[in-house]
Amino acid sequence: MQLLSANELLHTYTWSAIRGDDPKLTGHPDDVLLNRNEGYEVLAFINRFCARHTWNPGPVTKQAALKVERLIRNHLPGNVRSRKNVDAWLVQNWSSYP
């Protein structure tokens with residue numbers, strides 16, 4: 001089950017994809033690089049990130065999911081692009097941002 005839906009995201013995104021990257025055709029978002037401007041990629045990443053990590057106290061809230069969106073949009077360095085590195089950056093920097 002998704003924590004966030006597209007209409008709950010706070011920022012504006014594009015919702016189109018080039019043919020080879022279209023999740024409707026491939027069955028899943030691109031596995032390597034996160035496109036911060038594509039809504040379907042950001043939304044899927046946020047929901048997966050929140051599902052994968054332990055939250056203390058749990059369970060994860062929509063406010064935490066929206067914080068993930070805010071950190072990606074406003075604070076994530078431009079050179080951090082792979083999903084693995086975005087995940088690691090979020091974990092490492094989570095407490096640095098209210």
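Numbering starts at 1 and runs along the sequence shown. Values below: all heavy atoms of this structure, side chains included; hydrogens, waters and symmetry mates excluded.
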Spell out, as yes or no, whether a donor-acceptor pair under 3.5 Å connects the side chain of R73 to the backbone of L10.
->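 The answer is no, because no donor-acceptor pair under 3.5 Å joins these two groups.
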
Minimum side-chain heavy-atom gap I46-L3 below 4.5 Å = no

Do D87 and R52 have side chains that get closer than 4.5 Å, going by heavy atoms?
-> yes

Tell me the side chain to side chain donor-acceptor pair (under 3.5 Å) pairs involving residues 89-98, sequence neighbours left out?
-> none

What residue pairs, at least two apart or across chains, pass side chain to side chain donor-acceptor pair (under 3.5 Å) with a residue in residues 3-13?
-> S5-N7, S5-E8, E8-K62, Y13-E69

Nearest heavy-atom neighbours spanning [X] and [Y]:
X: R36; Y: L76; value: NH1-O, 3.0 Å
X: L43; Y: A6; value: CD2-N, 3.6 Å
X: L34; Y: R83; value: CD1-NH1, 3.7 Å

Residues in side chain to side chain donor-acceptor pair (under 3.5 Å) contact with N37, at least two apart in sequence or another chain = none

Could you point out which residue of N47, V60, L90 forms a side-chain contact (heavy atoms from CB on, under 4.5 Å) with V68?
-> L90

With S82 as partner, the option from V86, N85, V80 fulfilling side-chain contact (heavy atoms from CB on, under 4.5 Å) is N85

Just grab all the salt bridge (charged side-chain N to carboxylate O under 4.0 Å, His left out) pairs involving [range], residues at least two apart or on different chains.
range: residues 89-98; answer: none
range: residues 88-98; answer: none
range: residues 89-98; answer: none

Out of curiosity, Q2 CD to L4 CG, how far, rounded to the nearest 0.5 Å?
->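 CG of L4 is found 8.0 Å from CD of Q2.
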
